[in-house]
Every structure is written in structure tokens, then in C-alpha cells.
Amino acid sequence: MIGWQSTTCMRCAVGCGHLQRGADEGLGVADVRGHVEHPVNRGLACRRGIRESVDPEGEWLSQPLVRRGDSLEPTDWNTALGIVASECIEALADDPDRVAVLGSGQQTNEAAYALGKVARGAIGTRHYDANTTLCMASAVTAYYQAFGSDAPPPTYDDVPETTTHLVWGANPAVAHPVLYRWILDSATEAGCELLVVDPVESETAGDADCHVAIEPGTDLALARAVLARVVDRGMVDHAFVEQSTTGFAELVGSLPAATDAAATAGISLETVDRIADALAEPTLLYWGMGVNQSVQGTTTARALIDLCLATGNLRPGSGPFSLTGQANSMGARVCASKGTWPGHRAFGDPGHRKTVATTWDVPLGRLPEDPGPGPVGIVDNVLLGDVDVCWTVATNPVAGMPDAGTVRRAVDDVFLVAQDAFWTETVARADVVLPAATWGETNGTTTNMERTVSRVTPATVPPADIRQDIDIIAEIGNRIEPELFSEPPIDPEGIFDELRELTAGTPADLSGITYDRLERELAVRWPTSDPTSQGGYRYYVADESSWSFPTADGRARFSRGNYSGLAEPPTEAYPLTLTTGRRADTYNTGVRMRETGGDGLPVARLHPEEIVEYIDALDRGRTVIQSRRASITVEVQPDDRAPPGVVWMDIHHPDVNELTLPAVDPESNEPNYKQCAVAVVAPEQTPPLNYAGLSHQGTADVRSRD
């Protein structure tokens with residue numbers, strides 16, 4: 001009997017401690033359960049975390065593949081890595097930016113750090129980013145603008161201490177079940193409550209004391225209406241505002257009339273006051289993709305932070321708390337050299353750039369001067385012919401990026417390298433496929449949404465032809481820049497030590513965390529600069545009951561942005577608004593597990609009144625949803641939780657992003673996934689899917705899971 005191994009669940013960013021046990025015979029993980037001694041979750045675990053670990057439905061890759069004509073054929077590692085390195089070297093000899101690298105929030109801290117080191121230090125490309133930009137960039141930008149630093153001030157310790165739980169544009173009941181258990185436990189106590197702002201009645205909204213069903217995409221209008229009422233009704237915490245903030249008078253002068261802003265959001269003034277009254281009590285304001293994934297995502301996140309600042313909700317038991325979807329999105333932000341250098345070192349700061357170049361032993365001039373254009377911008381540059389090679393690691397952009405048909409055409413025009421554990425829509429189009437170990441086979445660390453670092457350890461050894469992400473990355477890096485890493489296989493502890501030393505003294509200081517400490521304590525929250533301390537509530541100095549922010553004047557900053565309309569409003573030709581959400585038991589693009597309708601079709605949920613309106617466009621429960629970019633066949637389900645005028649679909653099906661809009665927030669480069677204009681049109685007699693992917697038959701040796 002194989003023994004239980006302590007690890008961290010990698011299905012969302014709650015960071016639950018798990019115990020997992022490898023199979024006695026064959027491959028994979030046989031059993032998983034919550035770890036009762038882990039300080040994050042104390043034994044709690046969700047169904048998805050267990051199910052996807054033990055019995056994923058995806059097709060496991062088992063050997064390197066190389067494209068020969070129209071098919072992917074097995075090859076050996078030396079050949080595959082040699083081809084990848086040669087293509088990269090040839091492209092970067094002309095211009096480093098001709099190589100694009102796309103990472104992920106599903107890598108370990110060590111693998112994310114190593115990938116950034118290769119992309120920025122060995123290749124020197126601006127065209128490097130991670131899929132975390134697709135979900136968290138607006139929140140990150142808002143935190144920097146408001147506080148001078150990334151990451152939420154509160155921690156999980158604040159959840160049971162608050163009175164009001166205000167969930168805005170998020171559905172933690174589905175996306176973060178263990179965290180939601182804590183929220184619901186607290187919200188049901190005497191004197192506490194749960195308020196939810198969401199255009200649809202999500203599972204979280206169904207539990208709420210008050211569900212505020214706004215018009216899709218009008219979150220910023222509602223946030224400004226609430227703040228206007230806070231001001232008008234004398235509910236501002238002037239002592240905190242005067243002591244610790246700047247820009248409040250300018251904000252007040254820019255606020256719209258509350259009645260007008262409330263009308264824009266489709267909400268009564270009484271409901272606006274209901275939210276304002278709730279903010280008078282200690283409040284945790286959680287938000288998610290419904291806020292971030294908008295062309296005004298940063299401005300809206302700033303407005304939510306403004307609500308916390310104006311009402312004094314920036315102390316233990318309260319504050320702005322962005323909810324992270326991907327398991328290691330926080331680690332990618334701290335470690336990956338994506339938007340900042342490791343430790344949140346400012347990208348353009350000459351001193352930080354020199355420190356990074358010295359640590360990596362690469363020429364200072366090779367480091368790019370700016371973080372790059374973001375994932376959508378990278379695709380745009382591919383379409384312009386400015387990129388020759390695209391290397392994806394633990395990400396599925398062909399399914400996961402907006403306007404996926406355009407992404408598909410873009411990757412078909414470059415040399416595409418796909419590094420993943422499972423067969424994906426991106427793998428299907430790759431020129432070289434590099435099979436990587438999955439979570440139950442991986443060694444390293446991860447960082448959850450409240451800044452807590454914990455170990456990821458293997459329960460089983462992967463098959464002979466499967467390699468750790470970090471080893472694949474290091475091998476490619478060494479072929480491009482000799483001796484960038486030690487010879488693989490790489491010791492992840494050594495990489496983590498290099499990383500933590502590089503973060504010493506920074507806002508995201510990991511230097512007090514070691515593998516030995518994690519072995520003893522299981523989880524440690526940053527910032528920590530010594531072997532015994534760990535981070536708590538950010539910016540609040542408990543001994544002095546005061547605040548200190550890493551801004552030029554030490555104060556938090558208010559903002560002045562107001563609602564400017566949808567990126568793609570409904571029209572006569574496209575009269576409905578598509579919005580997307582997460583579903584239980586499915587993660588990201590549904591590679592491991594995907595809930596679908598009949599014949600694998602995506603499911604479109606419409607209000608019963610809407611279905612009656614479009615009854616002539618339905619054929620045996622199916623119809624076609626059409627945007628300006630594509631048309632897809634869907635299975636229709638009546639659902640009165642979706643308001644009239646809205647088509648509600650799951651983000652996890654690869655066809656859905658055929659429809660979505662590639663417009664981005666100009667401040668964060670995060671795409672506007674959450675609203676686009678669509679129409680319901682009658683299907684043909686035998687309607688094909690607009691995009692069904694490539695046939696998997698004969699293209700991959702699927703790993704046995706017996």
C-alpha cells in the first residue's frame with residue numbers, strides 16, 4: 001500500500017491542503033482527501049478537487065509528438081527538444097520578439113519562475129504572458145493604482161470576523177466551494193448577511209439575503225451610485241479618509257447623480273441604499289471575473305476599492321478581496337516575471353532590472369523594457385506576422401482566449417509548441433507536443449489567493465516519457481542559453497531558493513519560507529523575511545492602529561472613473577447579451593472534465609419567456625447562437641435564473657469563446673469576456689458545429705489509467 005502524501009489541491013486558488021495516495025497498480029492517484037492538519041482548510045475539501053485528481057476524464061499525453069504532414073507522430077525527447085530549441089534560436093536571431101511564450105496559473109511557483117527566466121532572460125521577448133492576465137489583470141492593476149502593491153489586504157482569517165459579505169460579480173459557491181463554506185457559515189450567524197451583485201441568479205445569489213440583479217456590464221454604474229449615496233447620506237468614515245487616503249474630494253466631484261447611475265444599472269434607489277447600509281458594518285467585498293473581465297475592469301475594481309476606503313472598510317475583518325480562479329495565479333504574479341520581476345519588482349526600475357540580470361547571469365540589455373502587450377496583443381502581433389514561434393505551457397489558448405476562431409487562425413500561422421499533461425484543442429494544432437507531469441506527479445510549491453505558499457508533492461511517479469514542467473523548461477532554456485540552469489532533472493528546492501532570495505526585501509518577500517519550514521508548518525503566508533514570521537492583514541499597523549501604503553505619499557488613492565457603456569451593446573441584429581459563468585465540477589476550459597448537453601454541445605440557458613420569443617428558431621431543443629465573430633450550435637435549457645435579454649453559457653466549453661469579444665481593458669490588457677451581443681438564429685437541417693476541433697484518432701498515444 002502506497003502511503004499518503006501531503007500536497008496542495010490545484011483546482012482553484014483556495015489552496016486546500018490534501019492528502020493523496022498513488023495507485024497500487026497502474027498510474028495516477030487512487031485516493032484524495034482533505035488534510036485535517038493543513039492550516040488553510042483544516043480537512044475541508046470540495047467534490048471537484050477530489051474528483052478531478054482521482055478520475056480526470058481528459059486524454060493524458062504519454063510521449064513527445066512532432067507534426068509530420070497532417071498528423072502528430074511519436075518521437076523521442078531529444079528530437080522534440082532539439083526542434084523546439086532550433087526554431088526558437090532561429091527566430092530570436094532576427095528579433096527576440098519573434099518568439100512568444102504563454103504560461104499559466106496552473107504551474108508551480110518554481111516552473112513559473114523558470115519559464116519567466118527563459119522567456120525574459122534567455123530569449124529576451126516582450127511577447128510573454130500567462131493566462132492569469134485573462135482573469136486577474138484588472139484586479140492586479142487596481143490594487144497597484146490604489147495601494148501601490150498587488151494582492152488583497154484581507155486574508156481568510158477575516159472571513160469569520162466580518163458582518164457583511166458583499167459578493168460582486170462572482171460565484172464562489174461554484175468556483176471556490178471551501179471558501180464559500182466559510183462565507184456562508186459566517187453570513188448565517190446572527191447579525192450577519194450575504195449580499196450578491198450579479199445579473200443572473202447564480203448558486204451564490206440563490207443563498208443571498210439580497211440579490212442585486214443588475215443589467216449586464218453595469219457594475220461600475222452601480223458602484224458609483226452606492227458611493228454617491230454613501231456621500232449624500234453622511235456615511236463616509238472621514239477620520240480614515242483624512243488620515244490615510246488621497247483624492248477623495250476629486251472623486252466626490254466626479255460622482256454621477258445616484259438616481260441616474262442606479263437607473264443605468266437597472267436598480268432602484270432603495271436597493272442602492274440597501275448596499276450602502278450594509279457597508280456601514282464591517283464588510284468584506286469580494287469580486288471576481290464578472291468585474292475583471294471588462295473593458296472597464298480596472299476602473300470597476302478601483303470603484304469597489306473606493307467603496308471600502310470611503311466607508312473605512314480597510315482593517316481586519318473587512319476590505320476588498322478579489323477572488324482568484326486559477327490555482328497559482330498569485331504565484332504567477334509573484335514569480336513569473338510576467339507583469340513585474342520576481343517579488344513584484346517594478347519592471348522598468350533600473351535597479352531591479354540589474355538585480356534580476358545579475359541573479360540570472362544574463363546581459364542586462366537582453367531583458368525587455370516593458371512587460372509586453374498581453375495575450376490578446378500577442379495574438380494580434382502573430383496575425384501581423386511579427387511572431388514565428390509560440391510556446392504554450394499548461395494553457396489552452398485555442399479554447400480559452402476570446403474570439404477563439406481568430407486565435408486558431410493565428411496559431412496555425414506560427415510554429416506552435418504545446419506543453420501540457422492532457423490533450424487539448426491547442427495540442428491538436430501544435431507542431432511539437434511536450435507531455436508534462438500532472439498535479440499528482442509534480443514537485444514544487446504553489447501560492448493561494450490570500451498569499452499562502454504551500455507544497456505540491458507527487459503521489460506517484462509519471463511514466464518514463466513524461467517529464468516535469470520545470471525540467472522541460474530548463475532543458476529548452478539551456479539549449480538557448482547554456483548553463484542558464486543546472487542539468488535536468490532540476491531540484492525544485494534549489495529553484496525556490498533562488499526565487500526567494502531574489503524576492504528578499506521586496507513587497508512580496510518570500511525569503512523567510514523554505515522547504516524545511518513548509519515541511520513543518522505546511523503553509524506560510526507572505527510577506528515574510530525571517531524563519532518564524534508570516535504576513536497578515538496588509539497595510540494595517542496593528543500596534544499603532546494606523547495604515548501605511550507603499551505609495552509615494554504613503555496614502556491609499558481614490559479614483560474618478562465612471563461608467564461609459566458596454567464594449568458591444570445589443571442591437572437590432574444582435575439583440576441579446578451573452579454572459580458566461582463557471583459551473584460546478586469543471587475547471588477552466590474543461591480539459592479534465594466538461595459538462596455538456598447532448599452530443600457534446602455547449603448549453604445555452606435562457607429565461608423561459610425568451611425561449612417562447614424564439615421558439616421558431618429552435619429545432620428539437622437546439623438552436624444557433626451567433627455573434628459578429630462566429631455561430632455555434634447549442635442545446636437550449638430554460639432557466640428562470642437568467643433574466644430576459646441574456647444568454648447564459650458556461651466558460652468551460654471550447655466553442656463558447658468562438659463568440660466572445662477580444663476588446664481589452666486599456667489599463668490591464670484583460671479581455672471583455674463577460675458581455676457581447678448575440679442573436680438566436682434558426683439552425684440548418686443538419687447544422688455542423690462551427691468548430692469541433694481536430695480528430696484525436698491516431699494522433700496521440702493516450703496514457704492508460706487502469
Side-chain angles (χ1 to χ4, degrees), residues 10-15 102-107 112 129-144 150-152 167-172 174-176 179 198 202 217 219 286-298 300-301 304 320-334 336 338-339 371 374-379 392-397 399-404 407 446-450 579-583 586-591 649-654 656-657 660-665 667-676:
M10 296 288 281
R11 300 310 179 276
C12 78
V14 174
L102 295 174
S104 171
Q106 297 175 61
Q107 299 172 266
D129 215 300
N131 55 22
T132 53
T133 296
L134 304 177
C135 56
M136 289 305 300
S138 294
V140 169
T141 305
Y143 281 136
Y144 271 115
D150 177 22
V167 178
W168 201 305
N171 188 12
V174 161
H176 307 98
L179 171 61
D198 200 311
S202 67
D219 304 85
Y286 316 84
W287 78 89
M289 303 308 103
V291 168
N292 295 336
Q293 291 175 335
S294 161
V295 291
Q296 287 195 287
T298 299
T300 306
L304 300 184
F321 200 163
S322 57
L323 301 180
T324 306
Q326 289 200 73
N328 200 25
S329 179
M330 180 69 75
R333 288 144 63 182
V334 172
K338 182 178 73 75
V376 173
I378 290 173
V379 171
T392 69
V393 181
T395 188
N396 187 17
M401 288 186 63
D403 190 12
V407 177
T446 186
T447 311
N448 73 2
M449 72 174 82
E450 60 139 16
T579 191
T580 61
R582 297 182 185 273
R583 296 293 288 164
T586 310
Y587 184 70
N588 285 3
T589 59
V591 170
M649 296 183 70
D650 307 340
I651 66 169
H652 312 292
H653 197 287
V656 172
N657 278 324
T660 51
L661 188 68
V664 300
D665 182 309
E667 297 181 275
S668 68
N669 286 324
E670 183 163 347
N672 193 109
Y673 283 101
K674 287 302 176 186
Q675 307 89 30
C676 70

Gap between atom [atom2] of [Y] and atom [atom1] of [X] - 0.5 Å precision:
{"X": "Leu179", "Y": "Met449", "atom1": "CG", "atom2": "CE", "answer": "5.5 Å"}
{"X": "Ser202", "Y": "Asn171", "atom1": "OG", "atom2": "CG", "answer": "4.0 Å"}
{"X": "Gln675", "Y": "Thr579", "atom1": "CD", "atom2": "OG1", "answer": "5.5 Å"}
{"X": "Thr580", "Y": "Asp650", "atom1": "OG1", "atom2": "CG", "answer": "9.0 Å"}
{"X": "Thr660", "Y": "Asn672", "atom1": "OG1", "atom2": "CG", "answer": "9.5 Å"}
{"X": "His176", "Y": "Arg11", "atom1": "NE2", "atom2": "CZ", "answer": "14.0 Å"}

Which atoms form the tightest heavy-atom contact between [X] and [Y], and what is the distance?
{"X": "Ser138", "Y": "Gly297", "answer": "CB-C, 3.6 Å"}
{"X": "Thr446", "Y": "Ala327", "answer": "OG1-O, 3.9 Å"}
{"X": "Leu323", "Y": "Ala170", "answer": "CD1-CB, 4.0 Å"}
{"X": "Ala663", "Y": "Val295", "answer": "CB-CG1, 3.8 Å"}
{"X": "Leu102", "Y": "Thr395", "answer": "O-CG2, 3.7 Å"}
{"X": "Pro152", "Y": "Pro320", "answer": "CB-O, 3.7 Å"}

Could you tell me if the side chain of [Y] sits less than 4.5 Å from the side chain of [X], heavy atoms only?
{"X": "Ile651", "Y": "Val656", "answer": "no"}
{"X": "Pro402", "Y": "Pro671", "answer": "yes"}
{"X": "Tyr673", "Y": "Leu661", "answer": "no"}
{"X": "Asn131", "Y": "Pro375", "answer": "no"}

Look only at the side chain of [X] and the backbone of [Y], and say whether a donor-acceptor pair between them is shorter than 3.5 Å.
{"X": "Glu670", "Y": "Ala137", "answer": "yes"}
{"X": "Gln107", "Y": "Ser104", "answer": "yes"}
{"X": "Asp665", "Y": "Ser668", "answer": "yes"}
{"X": "Thr324", "Y": "Gln326", "answer": "no"}
{"X": "Asp403", "Y": "Pro662", "answer": "no"}

If the condition is salt bridge (Lys or Arg N to Asp or Glu O under 4.0 Å), which residues does Asp198 pass it with, not counting sequence neighbours? none
Contacts of Lys674 meeting salt bridge (Lys or Arg N to Asp or Glu O under 4.0 Å) (sequence neighbours excluded), chain-then-number -> none
Residues at least two apart in sequence or cross-chain that pass ring pair (Phe, Tyr, Trp, His ring centres under 6.0 Å) with Trp287, listed by chain then number, are Tyr143
Between Asn328 and Gln106, a side-chain donor and acceptor under 3.5 Å: no
With distance as the sole criterion, is a donor-acceptor pair present between the side chains of Thr132 and Ser329 under 3.5 Å? no
Side chain to side chain contact (heavy atoms under 4.5 Å, CB included) assessment of Met401 paired with Val376: CA-CA 8 Å; Met401 288 186 63; Val376 173; 4.1 Å; yes
